[in-house]
Amino acid sequence: MPMSETNDTSATRSAVAAGERDTPQSSATGGRVPDRRQQRRWVPFLSGWVCLLIGLADIIGALGPGVHHVMERRLHRITPYVPGVLTNVSHSAFVVIGLLLIMMSRGLRKRKRRAWQAATLLLAFSVVIHVVHAPYKASGLAAAVVLAALLVFRNEFYAVGDPATLRRAAGIFVAMVGADVAIGLSYLFVAKGLATNYSLWQRMVDVVYGLVGVSGPGIQFVPEGRQDGFNILTTALGLLTVAVSGYLFFRSARPKSRLTEQNAHQIRELLSRQGDRDSLGYFALRDDKSVVWSPTGKSCVCYRVVAGVMLASADPLGDPEAWPGAIQAFLDEAARHAWIPAVMGCSELGAEIWCRESGMTALELGDEAVVEVGDFSLQGRQMRNVRQMVSRVCRAGYSVQIRRVSEIPAGELDQLMDRADSWRGSPTERGFSMALGRVGGPDDGDCVVATATENGVLRALLHFVPWGSDGLSLDLMRRERTAQPGVNDFMIVETIKQAQELGIKRLSLNFAVFRAVLARGERIGAGPVLRAWRRVLLFVSRWFQIESLYKFNAKFCPLWVPRFFVFPGPADAMRVGLAALEAEALLVWPSLEIRRIARKLRLRRLSKRLPRAVRRLAARPVNSGPPSTQGDVRRIIGG
């Protein structure tokens, strides 16, 4: 745990234990309100898995009449209970319904309200179909019973969705349907072998029928192979549209994380009173974070939603007595949106409280390197490497200047950051739990900037954020590629030497992931499991700075403060881990920067002129000659 907590651990734990009064209370029992996520867990579990099984049965049954007959015979007892078994529908329609059920099943297991609404609508449609066909009245009655059961347990599906995802899914669905119809019509206009010259309306109706997996009433091809090709094309387009739209409709909400000025002001007040507890507390002021507060307002948890994971960083801010209330508010917000709660980089005390209040699991993630300024010295054999590097950099003519951000003129600060940005090897800015994401903010005057110059030319820069009233935490570390090796060591040593002038007593350096494994795995007597785990980390270090950061921090002989990763359990470990890597920008999904590509290809002017030219071509008579059309094309391209 951080240095400020080492001397009063027992007192803090007692205060936190007594602080359960800050959590929401039940007027009936005087205890904590029961967790809605733990009540009637069999309802979402059973409904989700039944929908999944029926969806798979529909897809497998669509592969062939024989398979469909076997699956229908074996699952006839449960098929009426879940929508998806309709009559007089082609096999491709079964695939569409199966896909919807599979996507819906995951939402039902997570108690999503949208998934429940979609399930009830499909069930109601299934009941109507069974009632219309007299032989299926018994099955329709069973479906009605299941529909009634879902309506009775409707309060179990309370996870709200993001309105933005609904609008986006509807927009994408309309756009894709329009594109599908255009592609199908283009195929019919270009393809040869139509039985007769069908009208545009007949062709459009046939395309729409094909998108839903039903054979159209009118279009006939003379070669049967062309008919099969058309059916495959339209069915594939329909399946793609359903899959993409369904994914956007059922996916977890991902709100825009923005820290309001009022929340930022309240967080700074908490940091001024309790900021000494956690070296990572100031990073809660990142612009891309949101915040939830305890009922008393004495504590809060800052988080960001990544890939359906509600990811918090470090310990809750504020009074430890109010931590349980903030944690419960965090868990309630996660349950309300069907997010997976997780915490990254909390202290040992924070991990204990998180696990006690939420029932989650903690894993030691690594260690934070903390240097005590008063005990630091370059003397001794252990500091030989750092001492030699610092001497070499000094002989090369380097000097360091350390200032508060409030002491640096705005114009000079902008020049420093422009120069530092030019040294970045990647446009992606990494960091989440130990990165502020900005330098020189309006209220960041207490931050510290260390600059290294060689004969007046800027070569490297360090940025520190406050850690309480007498500490600093390393935020940003950049240097020019041609700078003297060891310049970062030189800047850290000079910062420690001048720390007393700034009133600094402790300095937090980088975070070393799985530091204990790397340290113990290379010792004599290490077991085979530990050595194998160390070899895995060394292999991963080829892409991620695991070993290099550990060795860099170890040179300064710091105090190692353990940090923990808290997550619900093994079932969610993979997803939470990927979300953490994405939040830290260690895992960046490929994206197509359309604007940048269009700008390079000079297509912006073309995109503006194209709609007008298309309208002119559409208004022109069909038997206007090719020369006019070619002239329009030349005007479009030439601009």
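Any value given below was found using the heavy atoms of this structure, including those in side chains, with hydrogens, waters and symmetry copies removed.
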- prompt: Do Trp116 and Phe153 have their ring centres less than 6.0 Å from each other?
  reply: no
query: Using the benzene-type ring in the case of Trp, are the ring centres of Trp293 and Phe330 under 6.0 Å apart?
result: no
Treating [X] as the side-chain partner and [Y] as the backbone partner, does any N or O pair qualify as donor plus acceptor under 3.5 Å?
| X | Y | result |
| --- | --- | --- |
| Ser245 | Val242 | no |
| Arg575 | Ala307 | yes |
| Ser299 | Leu317 | yes |
| Asp475 | Leu436 | yes |
| Asp319 | Lys298 | no |

message: Between Phe157 and Leu108, is there a side-chain heavy-atom distance shorter than 4.5 Å?
response: yes
query: Tell me, do Val465 and Phe283 make a side-chain contact under 4.5 Å, heavy atoms counted?
result: yes
In terms of side-chain heavy atoms, does [X] have a donor or acceptor partner in [Y] at a distance below 3.5 Å?
| X | Y | answer |
| --- | --- | --- |
| Tyr550 | Asp367 | no |
| Arg277 | Gln274 | yes |
| Glu261 | His265 | no |

- request: Apply side-chain contact (heavy atoms from CB on, under 4.5 Å) to Ser508 and list each qualifying residue two or more places apart in sequence or on a separate chain.
  value: Ser279, Glu368, Met434, Trp467, Ser473
- request: Return the set of residues passing side-chain contact (heavy atoms from CB on, under 4.5 Å) with Ala351 (not counting sequence neighbours), or none when no residue passes.
  value: Cys346, Ala362, Phe564, Val566
Decide, yes or no, whether a salt bridge links [X] with [Y] under the criterion of side-chain N to carboxylate O below 4.0 Å.
| X | Y | value |
| --- | --- | --- |
| Asp288 | Arg438 | no |
| Asp278 | Arg563 | yes |
| Glu547 | Lys551 | yes |

